[in-house]
Structures are given as structure tokens and as C-alpha cells.
Amino acid sequence: MADEASKAYTPGEVETKWYDRWVEANCFRGDEKGDGEAYSIVIPPPNVTGILHLGHVLNNTIQDILARRARMQGKEVLWLPGTDHAGIATQSKVEQKLRKEDKITRHDLGREKFLEKVWEWKEEHGGIIIQQLKRLGCSCDWSRERFTMDEDYYKWISKIFVDLYEEGLIYRGKRMVNWCPKSLTALSDEEVIMKPQKKSKLYYMRYRIAGEDDRWVEIATTRPETLMGDTAIAVNPKDERYADLVGKKAIRPFPEAEIPVIADDHIDPEFGTGVLKVTPAHDKNDFEIGQKNDLEIIDVFNPDGTLNELAGPDFEGMDRFKAREAAAEKLDEMGQLVKVEDYENAVGYSERADVPIEPRISMQWFMKYPCTDEAKAAVANDEIAFRPVHHKKTFANWMDGIQDWCISRQLWWGHQIPVWYKKDKAEELQAMESLSADIAGDDIYVAVEPPSDESEWVRDEDVLDTWFSSWLWPFATMRSCEEDSTDTLAKFYPTADLVTGPDILFFWVARMIMAGYRWQGELPFKNVYFTSIVRDKKGDKMSKSKGNSPDPLDLIADYGADALRFGLLRIAPSGTDVKYDENQVKEGRNFATKLWNAARYREMQGEVTSDVTTVENPSIFAIDILAKLDQLQKDLEESYGEYKFNEVAQRLYDFFWSNYCDWFLESAKGDFADDADPAAKAATCATMDVVLRRYLMLLHPYMPHLTEELWDRFSFGEEGTFLMNTAIPTDSVLGDISATDVEAAQTQVAAIYEAVGRARNLKATYQLGASKDITFIIDPEGDVESALEVFGKLAGAKEVKVEAGYTAEKGVPVAICSIGKVYMPLDGLIDVDAERERLGKELGKAEKELEKVEAKLSNDKFVNNAPEKVIGEMRERKEHWAGRVDELKGMIDGLG
RNA sequence: GCGCAGGUAGCUCAGCGGUAGAGCGACUGGUUUACACCCAGUUGGUCGGCGGUUCAAUCCCGUCCCUGCGCACCA
């Protein structure tokens with residue numbers, strides 16, 4: 001055994017020590033040739049620019065728990081880690097740095113040089129989150145770490161692009177897309193978040209009708225800054241108010257022009273004035289109206305959200321929001337602004353850049369999803385099980401309304417689209433309104449490798465959406481696109497569990513399922529566990545900008561990784577959000593300390609019997625705790641089966657703190673007295689060893705470092721082995737003790753513990769909580785001799801006497817328990833009034849219970865309808881409470 | 001607007017037809033030879049509102065009110 005442990009557990013050194021040893025011993029390696037049943041998880045690759053936040057902690061701790069538990073079930077485990085190149089985020093970060101340090105833009109450098117800078121940045125900062133995951137204790141197979149920009153992975157992206165292009169599922173077209181004026185790229189629908197705008201305004205303005213004297217039409221809009229791009233005004237065809245206007249022209253105030261008045265079903269006569277200004281270049285619906293009615297498209301914006309020369313000299317170069325005010329002002333000056341109302345609407349924001357997106361017509365690549373039917377069916381019939389299940393419905397809804405995916409991004413950092421245009425026709429081809437395999441013919445080259453005569457071609461400049469690489473993650477990390485299969489894939493695919501946040505259900509999970517079917521011919525994972533979102537105490541989502549997100553590394557430094565893991569998991573319910581509070585981590589730390597001290601206490605009693613698995617001649621208290629340990633193991637099994645990680649943690653906590661430390665250890669302390677029976681001492685030590693040994697195994701997935709440390713201190717494992725790789729036995733720790741004996745012992749122990757509780761209560765009532773100078777007299781029910789010592793010890797008594805039929809003096813406090821009546825005579829301290837009050841209170845409670853039961857039993861309907869069992873229970877209860885009431889009344893009477 | 005969660009002790013959450021539970025907090029008392037990151041005890045609930053089903057409802061049904069999430073949005 002090691003040197004005597006210190007009173008306080010210091011996790012820091014212990015944790016890094018064990019992590020290093022595990023890594024050195026190659027404990028995390030998932031062996032594709034291993035014999036055990038395979039268990040695999042792929043990590044949701046964190047953003048390479050990212051740093052660890054509490055969401056990661058929760059998510060990755062759950063994965064680590066699953067992986068570690070699977071190893072201890074004897075499985076061959078692969079937890080495959082990696083990072084994501086995060087196109088926009090990473091590129092922005094590097095651009096920001098260039099702007100700050102060198103005062104240059106990426107265009108000053110050129111594509112190639114810029115990408116070199118990004119790689120440099122990645123090499124320097126990209127590993128941070130991986131280091132942080134290691135500090136958390138994550139048992140990933142680091143030898144297989146992947147990055148979405150790795151060469152093999154890059155090829156995969158090109159290959160699937162080519163596949164889908166040839167299949168006709170990928171095409172290019174000029175469409176209305178979500179444009180981010182800050183990142184200067186198109187975004188997919190999923191990257192746009194609708195945010196309610198409480199301070200919007202609805203501007204009412206009037207346009208003059210051409211060819212008529214002083215006839216005006218009133219229009220309501222939230223975006224007067226786009227009116228320069230108006231190419232029509234529209235009314236509902238059924239709207240009689242404006243029927244005669246249809247076919248006429250209205251005058252757009254600036255730049256002044258005549259635009260047609262058209263009729264379209266889309267217009268809601270109830271809204272505003274029932275007249276819509278149609279700006280096909282700047283609104284999705286307007287664009288459709290424009291298409292239907294063959295309207296001119298005038299784009300008055302620059303890509304960065306400023307207005308261009310088509311908006312006229314007053315507005316050219318002005319920011320869109322400034323232009324909104326300026327346009328309204330100008331209308332006002334012209335006498336054409338009727339009124340401005342406060343208005344609330346919702347506007348789409350760029351998820352990453354957090355600026356309002358601009359609907360914009362541009363040339364982009366789109367994809368129709370493959371294997372949607374398989375994906376839908378797999379989730380609907382639980383081949384892929386979602387937890388919590390309600391996410392199934394969200395998934396089904398999204399799949400049913402699925403839209404083509406805009407996959408091109410106007411960025412440099414990412415997977416460049418593997419499309420080359422014939423040099424002499426490039427301009428023409430790139431300007432074509434639509435482009436697909438059957439249209440382009442030989443003038444376009446689409447392949448994984450560049451054309452052999454590359455100088456004759458021009459490559460498409462865009463890169464692909466980052467999620468276009470993530471959706472291959474489960475299999476592209478296990479084989480390259482040039483291999484049909486690999487041993488790793490054969491062993492570990494499909495993966496078992498995917499642990500991720502519900503916020504990326506569409507972005508990632510749904511798409512991975514489709515990709516799995518399309519390229520691997522089967523589902524990518526069998527279970528999806530959606531974690532909770534970590535919020536602060538007030539319920540706000542954690543974010544860097546709010547500053548309400550503590551740095552997990554600080555928490556680890558203060559409390560230890562095990563404490564953070566345990567504390568967070570203990571309060572992480574499935575299905576709802578987690579409200580984080582640092583106190584929970586403190587509780588985790590306290591629990592670690594508790595375990596540490598319980599182990600230390602065992603060390604103080606002498607040599608640990610490292611190989612003992614059952615106890616010889618156990619006391620009833622030993623049998624009781626061993627039985628509870630067996631039950632714990634069964635309960636954990638059940639909780640794990642339902643992925644109730646918080647319940648697992650709570651059960652581990654309750655067993656150890658309450659059952660083992662507060663009750664068993666306290667009951668056993670007598671065995672360590674100088675004059676105690678050596679055989680009893682040995683049995684108790686053996687019980688502690690059996691319990692600690694099994695318990696460390698059960699706790700290990702949650703608190704891997706500390707349990708490994710104690711496992712080592714106690715030499716529970718064989719030389720050169722680790723707890724983390726030790727299979728948990730499934731046999732009972734009770735050995736061959738008969739079920740009858742176990743039940744008898746547990747009943748007896750429960751009765752003693754109950755009596756202890758009541759005795760403590762009596763002491764506390766009389767302000768004697770700490771006093772040991774108390775004698776209890778028991779008027780027993782049955783044989784209580786064997787209980788006396790422990791009862792006295794736990795209740796804190798000087799002496800316990802047994803006197804059958806004991807008649808107490810007036811006013812002696814008493815507790816009625818299943819072991820008998822427990823009297824607490826107080827020489828010279830009897831306070832008759834206090835005891836009367838106390839008994840009166842108890843009587844009140846008992847009478848209330850009795851009333852409730854009697855009411856039920858006197859109800860014919862209840863007696864006639866309720867099941868026998870329930871009626872029987874009620875009768876027993878009535879008897880119990882009636883007896884109790886009688887007893888209490890007798891006692892109160894006895895007080896005089 | 002549609003859909004999905006959730007509303008239980010001061011806080012965080014279990015329970016989901018038959019006596020309302022835990023942890024933390026608060027309060028009281030404690031150096032009992034592992035642990036004050038501790039021990040013992042106490043307090044604390046019209047189980048969101050209103051109806052209904054049932055012998056019996058926190059639990060099932062309806063409805064309404066709040067909170068969060070997703071989807072669609074009238075410019």
C-alpha cells in the first residue's frame with residue numbers, strides 16, 4: 001500500500017498522471033482485429049477553431065461514459081475523434097488576424113498564400129480543443145484522429161460531389177439564396193435563424209398612377225430601401241378596391257420609372273393596404289411573383305449590403321439600414337410618405353455572423369438529397385432510435401418538407417468544388433442560368449482528380465459547405481474512398497451510439513443518415529442520444545458574448561475533471577435543458593473527497609485484502625450493504641439501458657454517501673475498537689474491500705481518474721493492468737448467502753436504522769443532539785439483543801437497556817418503532833409540557849392519516865370497486881394508524 | 001399560426017392512477033478517533049388554472065394560461 005493518504009484529495013496531479021499512463025499503455029486503442037464485440041462512437045467533430053465549453057463537456061463526458069462502460073463490459077471499443085475545418089469560422093478568424101496585424105485582406109494575398117496562412121493558423125491553434133478533451137479524461141483513440149481537411153477526407157468530398165453530379169442530384173442554378181453580407185457567401189436555409197424584431201417599422205408610402213390626375217396608391221413596406229429595385233406593384237386579383245388599376249402603370253418615385261400594376265394571388269388584401277411593392281431581386285416571394293409575371297430584376301445592392309449605382313447617386317455606397325432611413329426621409333420630402341407605424345416581424349439572421357441575411361439572386365450549386373426514403377423509414381421504425389423520442393417527429397417534419405441544399409460557399413477555406421470549365425468557354429458556362437451534367441457535356445470536367453491538361457481549364461472557385469463534409473464522418477473516417485472496405489470499417493461500422501445536441505439534428509444527424517445509406521448502404525449509427533443544452537442559472541443559453549459561460553478548464557483546475565464530469569452529469573436530465581450552477585461541480589468535488597476519505601478510512605484499519613470477492617461470516621449490516629450493492633448494480637443496468645445518465649449518477653451517489661458511509665461504516669465502527677472481536681473486525685474489513693472493489697468499478701465511467709487511483713492504491717488489479725480495462729463481474733457480491741438470510745438481515749437492519757432515526761429525533765427535540773450521556777430503554781418487540789450495540793452507537797447513547805413491559809415515569813419521551821418502544825428517560829430533565837406538545841404534534845399527524853383512510857373505507861363505492869389488494873392495504877393502514885393514535889393518546893394521558 | 005417539450009418544496013429535478021420524494025439551500029445542534037469539501041436533526045408542497053373520466057387523479061382526457069424549442073411566416 002502507498003503512503004498514508006492526505007486528508008484532502010488533490011485531483012490535479014492524480015488526473016494527469018493516470019491520463020498519461022492510459023495513453024502510454026495504449027488503453028484507448030480500438031483494435032480492429034480485437035475479439036470482443038465491437039462498440040463504436042464517432043465524436044461530433046468540434047470546430048477546429050473552438051475552445052471547450054460546457055456543452056462539449058456534457059456531450060463528451062457522456063460519450064466517455066459509454067465508451068468506458070463498454071470496455072468494462074469486455075467490448076472492443078473505438079471512440080474515434082477528430083475536428084472539423086469550420087469554413088466560415090476559421091476563415092473569418094484568419095482574415096481578422098490579417099486585418100489586425102498586417103492590415104491586409106485575403107485578396108491581397110491571393111488564394112494560395114491565404115490558404116497557407118490558414119494552415120499555419122490551424123497548426124498553431126487547432127489542437128487546443130483536443131488537448132482540452134484529453135484533460136477532461138476522454139478515452140478517444142487518438143491514433144485515429146481525423147480532420148475534415150485531411151487528404152483522404154478531401155478526396156471523399158470530391159468523390160461524393162462527383163457521384164451526385166453524375167446522378168443528377170447536384171446542379172448549378174441562379175436562384176434566390178440566403179446571402180450573408182458580412183461573410184460574403186451564400187448560406188443554406190439551416191444556417192439562417194429567424195429572430196423577432198420588436199422595433200421594426202412599417203412604412204406607408206404612396207405611388208402615383210401614371211396617366212391619371214392625382215391618383216395615388218398606398219403601399220405598406222418594412223423595407224423602403226429596396227424600392228429602387230421595384231419593378232411592379234401587385235394587388236390581389238379579387239380585391240375590388242384596386243381592380244381597375246391592374247394593367248395600368250405606377251410611378252416609382254426614385255429612380256423615377258413607370259412600373260406595371262399586376263394581380264397576383266400571393267397578395268393578402270388584409271395586410272397593410274393590400275398593395276405590395278414587388279422587388280424581385282430582394283425578396284423570395286417577390287422573386288417568384290417576378291418569375292410568374294416576367295418582371296425585370298433590378299439588384300440595387302452590393303454583396304456587402306451597401307447600395308449600388310442602380311439605387312441612384314443619393315444612395316450609392318450607403319449601408320442598407322442607413323438607406324432605409326434615407327429612403328423614408330426622401331419619400332417624406334417628396335410628400336409620398338404617408339405614415340410610419342411600429343411593427344414587429346421576424347428577420348433571418350446569419351447563424352455565424354449574426355447579421356440579417358439578404359435574400360439575393362446568385363449562381364450557386366444545389367443538391368437534392370439522396371436516400372431520403374431510407375432515412376425516413378429508418379428513424380420512423382426505430383432502426384435508428386432517437387432519444388428522447390420526440391425528436392423523431394421533428395426529424396420527420398423536416399424530411400417531409402426537405403428543400404434542395406445550397407452547398408456552394410464563396411470562401412477559400414474548405415473543399416474546393418471539383419468542377420473545371422473549358423478555358424475558352426468558362427465565362428459563358430459560368431454565366432449560364434442552369435447547369436447540370438446533361439447540359440454541360442464535354443465543356444465541363446467533374447472529377448476527383450484535376451484534368452490532365454489542367455492549364456486548359458478553369459476551376460470553379462467556390463468551396464463546399466462545411467456540413468457537406470461532416471455528413472460523411474461516420475464512414476469516411478474509417479476508410480478512404482479508394483478502398484472498398486477496411487478492417488476498421490468491417491469491425492466498427494455501423495457505429496453504436498451518436499451523442500450530439502438537438503440543435504444539429506438537421507445540419508448533421510439527418511444528413512449523416514442519408515449519406516450512410518447512399519455510400520455505405522446502411523445506417524451510420526443505431527442510437528442517437530440528444531444531449532441537453534446547458535444554460536445558466538437564469539435559463540439563458542450559454543454564449544461567449546453573454547459571458548455567462550465558465551471556462552471548463554478553470555473548473556477542472558479548481559475542482560478536478562472527475563468533479564466536473566460527475567457534477568454536470570448528475571443534473572443533466574434527458575429531454576430538457578440543464579441549468580448549470582457551479583455548486584453542482586462543487587458537489588462533484590465533495591463527492592470525490594468523500595470517496596477519497598472513505599478509502600483512507602479503510603487504509604487506516606490495516607492491510608487491504610486485494611483479491612477478496614466475498615465475505616466470510618458477514619454481520620447483518622454487512623449482508624445489508626452487500627445486498628444494496630447488488631441492487632445498485634442492477635439499478636445502474638436499468639438506468640444505463642434508458643440512457644438516464646443523471647439517474648446513474650444519483651444512484652452511485654446515494655449508495656455510497658448514504659448507504660455505505662452514513663449507515664454501514666457508522667454501524668461498523670464498533671468493530672474497530674481496541675477490545676473488539678478480531679473476527680468481526682476482519683469480516684468488516686473484508687466487507688469494505690468487497691464493496692470498494694466493486695463500487696470503484698461501477699463508478700469508474702463517471703470518475704475515471706480517482707477510481708483508477710484508488711484501484712491502484714488498494715492493488716485491486718493485477719500488476720500492469722488498469723481498472724479502465726477490467727471487466728465488471730456480473731455475479732453477486734453476496735456469495736452463497738441464501739435469499740432468506742439476506743431478506744431477514746435486511747429487514748432487521750432496516751428496523752434498527754429506523755429506530756436510530758427516531759432516537760436521534762428524540763434527542764434533537766430535547767436539544768440533546770450532541771450528548772452521549774443518554775440512556776435508552778427499549779420495551780422490545782421480539783429479539784433485539786443483537787441490535788443493541790449498533791443502535792447505541794448510531795443513536796449516540798451511553799447505554800441501552802432492554803426491559804420488557806417497561807413502564808415509564810410520567811412524561812418520559814418515547815418513540816414507537818418496529819423494534820419496540822424506545823424510551824429516553826431524562827433524569828431531572830423531564831419537560832412534561834414539551835413532551836405533551838411533541839406527542840400532540842405526532843398525534844395530529846396520525847389522526848389526519850387515520851381520517852383519510854377511514855374516509856376511504858367508509859365509502860361504499862371504494863369498497864365495491866377498488867381491487868382487493870388496495871382495500872387490504874387500506875385496512876392495514878387503518879389498523880396501523882388507529883393503533884398509533886391509541887398509543888399516543890395513552891401517552892398524553894399519562895402525562896397528566 | 002402549426003408542431004414538440006415542460007410548468008411538483010426557496011433552487012435543480014425524480015415520481016406519472018392507490019400514504020407527495022431526493023439533492024442542494026435555509027434553520028437548529030455538533031471537533032462522535034475517514035471526511036467541516038463533514039455529521040445529526042428540523043423546516044418547507046391547494047404537484048400552473050379550470051373542467052371532465054374514475055371508487056380514487058400530481059399521474060388519464062379536454063381546455064386555458066405561462067416558459068423553452070422546432071417549423072412556417074403578411075410585404
Side-chain angles (χ1 to χ4, degrees), chain A residues 5 7-9 194 202 219-223 226 234 266-279 283 285-286 343 345-346 388 390-395 397-398 401 502-503 505-506 533 535 537 539 541 559 563 570-571 573 575-581 583-584 586-605 644 646-647 650 653-654 657-658 661-662 665-666 669 672-673 756-757 760-765 767-772 793-796 849 852-853 856 859-867 869-871 873-874 877 880-881:
Chain A
K7 260 168 99 163
Y9 169 55
M194 297 305 284
L202 193 57
I219 304 168
T221 181
T222 53
R223 301 201 68 189
T226 63
H266 176 262
I267 285 78
D268 175 5
E270 304 290 310
F271 185 87
T273 60
V275 185
L276 175 72
K277 71 191 232 352
V278 185
T279 324
D283 182 279
N285 292 316
D286 290 10
Y343 186 63
N345 65 343
H390 67 255
H391 291 297
K392 262 174 87 169
K393 197 153 185 174
T394 314
F395 171 82
N397 288 343
W398 186 75
D503 48 336
L505 172 53
F506 312 138
I533 289 171
R535 298 175 179 280
K537 263 192 270 189
K541 207 166 167 176
Y559 304 112
R570 196 150 78 96
I571 51 126
T576 33
D577 296 341
V578 187
K579 286 195 188 123
Y580 166 82
D581 179 346
N583 282 329
Q584 286 140 358
K586 277 188 192 161
E587 282 170 34
R589 184 268 319 259
N590 294 353
F591 185 56
T593 305
K594 187 74 180 176
L595 176 60
W596 177 256
N597 277 296
R600 204 164 62 87
Y601 181 66
R602 171 63 191 88
E603 284 180 338
M604 290 164 68
Q605 310 311 331
K644 289 186 177 170
N646 57 332
E647 199 172 87
Q650 191 57 39
Y653 183 95
D654 285 343
W657 203 305
S658 172
C661 290
D662 289 347
L665 281 190
E666 294 305 324
K669 278 184 176 169
F672 299 126
V756 169
R760 283 172 174 172
N761 180 314
L762 282 186
K763 284 175 73 181
T765 309
Q767 308 285 319
L768 300 165
S771 170
K772 288 195 284 181
K793 183 101 188 153
L794 293 183
E849 290 300 331
K852 278 205 276 191
V853 182
K856 280 207 165 185
N859 183 344
D860 285 346
K861 285 182 183 166
F862 172 73
V863 181
N864 295 334
N865 290 300
K869 197 182 146 224
V870 174
I871 296 170
E873 273 169 23
M874 284 301 162
R877 222 148 80 198
H880 172 255
W881 287 117

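So you know, we letter chains A, B, ... as the sequences are listed, proteins then strands, and number each from 1. Below, each value reflects all heavy atoms present in this structure, side chains not excepted, and no hydrogens, waters or symmetry copies.
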Take atom [atom1] of [X] and atom [atom2] of [N], then tell me their distance rounded to the nearest Å.
{"X": "A:N646", "N": "B:A14", "atom1": "CG", "atom2": "C1'", "result": "9 Å"}
{"X": "A:N285", "N": "B:A72", "atom1": "CG", "atom2": "C1'", "result": "11 Å"}
{"X": "A:N865", "N": "B:G18", "atom1": "CG", "atom2": "C1'", "result": "13 Å"}
{"X": "A:Q650", "N": "B:A14", "atom1": "CD", "atom2": "C1'", "result": "9 Å"}
{"X": "A:L762", "N": "B:A40", "atom1": "CG", "atom2": "C1'", "result": "14 Å"}
{"X": "A:Y601", "N": "B:U33", "atom1": "OH", "atom2": "P", "result": "10 Å"}
{"X": "A:E873", "N": "B:U19", "atom1": "CD", "atom2": "P", "result": "8 Å"}
{"X": "A:H391", "N": "B:C69", "atom1": "NE2", "atom2": "C1'", "result": "9 Å"}

*Once you round to the nearest 0.5 Å, how far does NE2 of A:H266 lie from CG of A:N285?*
3.5 Å
_Distance in Å, A:N864 CG paired with A:N859 CG, rounded so as to fall on 0.5 Å steps_ = 9.0 Å
Taking the side chain of [X] as heavy atoms from C-beta outward, which of [options] is closest to it?
{"X": "A:F271", "options": "B:C74, B:U19, B:C38", "answer": "B:C74"}
{"X": "A:R535", "options": "B:C4, B:G15, B:C69", "answer": "B:C69"}
{"X": "A:N761", "options": "B:G23, B:A75, B:G41", "answer": "B:G41"}
{"X": "A:I267", "options": "B:A34, B:A75, B:C4", "answer": "B:A75"}
{"X": "A:R760", "options": "B:A75, B:C37, B:A40", "answer": "B:A40"}
{"X": "A:F862", "options": "B:G41, B:C55, B:G3", "answer": "B:C55"}
{"X": "A:K393", "options": "B:G41, B:C55, B:C4", "answer": "B:C4"}
{"X": "A:K856", "options": "B:G70, B:C38, B:G18", "answer": "B:G18"}

Need one value for [X]: base, sugar-phosphate or nothing, where a base atom within 4.0 Å counts as base even if backbone is also close, heavy atoms only.
{"X": "A:N583", "result": "nothing"}
{"X": "A:K579", "result": "sugar-phosphate"}
{"X": "A:Y343", "result": "sugar-phosphate"}
{"X": "A:K277", "result": "nothing"}
{"X": "A:D662", "result": "sugar-phosphate"}
{"X": "A:F672", "result": "nothing"}
{"X": "A:M194", "result": "base"}
{"X": "A:D268", "result": "base"}
{"X": "A:R223", "result": "nothing"}
{"X": "A:P867", "result": "base"}

Using the [atom1] atom as the reference point in each nucleotide, state the distance between [N] and [M] in Å, no decimals.
{"N": "B:C59", "M": "B:U19", "atom1": "P", "value": "14 Å"}
{"N": "B:C50", "M": "B:C39", "atom1": "P", "value": "42 Å"}
{"N": "B:A26", "M": "B:C65", "atom1": "P", "value": "39 Å"}
{"N": "B:U42", "M": "B:G10", "atom1": "C1'", "value": "16 Å"}
{"N": "B:U58", "M": "B:G7", "atom1": "P", "value": "15 Å"}
{"N": "B:G48", "M": "B:A9", "atom1": "P", "value": "8 Å"}
{"N": "B:G62", "M": "B:U53", "atom1": "C1'", "value": "10 Å"}
{"N": "B:G3", "M": "B:C64", "atom1": "P", "value": "11 Å"}

Looking only at heavy atoms, what is the nearest atom pair of [X] and [Y], with distance?
{"X": "A:L276", "Y": "A:D286", "answer": "CD2-OD1, 3.8 Å"}
{"X": "A:A598", "Y": "A:L665", "answer": "CB-CD1, 4.5 Å"}
{"X": "A:N646", "Y": "A:R570", "answer": "CB-O, 3.6 Å"}

Should [X] be listed as having a side-chain N or O under 4.0 Å from OP1 or OP2 of [N]?
{"X": "A:K669", "N": "B:A34", "value": "yes"}
{"X": "A:K594", "N": "B:C39", "value": "yes"}
{"X": "A:N345", "N": "B:C74", "value": "no"}
{"X": "A:W657", "N": "B:G23", "value": "no"}

*Return the 5'-most residue of the pair A:A346, A:N597 with respect to RNA chain B, ranking by each residue's nearest nucleotide.*
A:N597
_Here's a test of your reading of the structure: between A:E587 and A:E647, which maps to the more 5' nucleotide of RNA chain B?_
A:E647
*Counterpart base for B:C60, defined by Watson-Crick or G-U wobble contacts under 3.5 Å*: B:G52
_Classify the ring geometry of A:F591 against A:W657: parallel below 30°, tilted from 30° to 60°, perpendicular beyond 60°._
parallel
*Hey, mind stepping through A:K579 and A:I571 against side-chain contact (heavy atoms from CB on, under 4.5 Å) and telling me if it holds?*
CA-CA 8 Å; A:K579 286 195 188 123; A:I571 51 126; over 6 Å; no
*If you draw the axis of the six-membered ring of A:Y653, does the NZ or CZ of A:K594 fall within 45° of it and under 6.0 Å from the ring centre?*
no
_Could you tell me if A:Q650 and A:D654 have a donor-acceptor pair between their side chains, going purely by distance under 3.5 Å?_
yes
*Under the 3.5 Å rule, do the base of B:C37 and the side chain of A:K586 count as making a donor-acceptor pair?*
no
*Does a distance-only test, which skips hydrogens and angles, find a donor-acceptor pair under 3.5 Å between the side chain of A:E666 and the base of B:A40?*
no
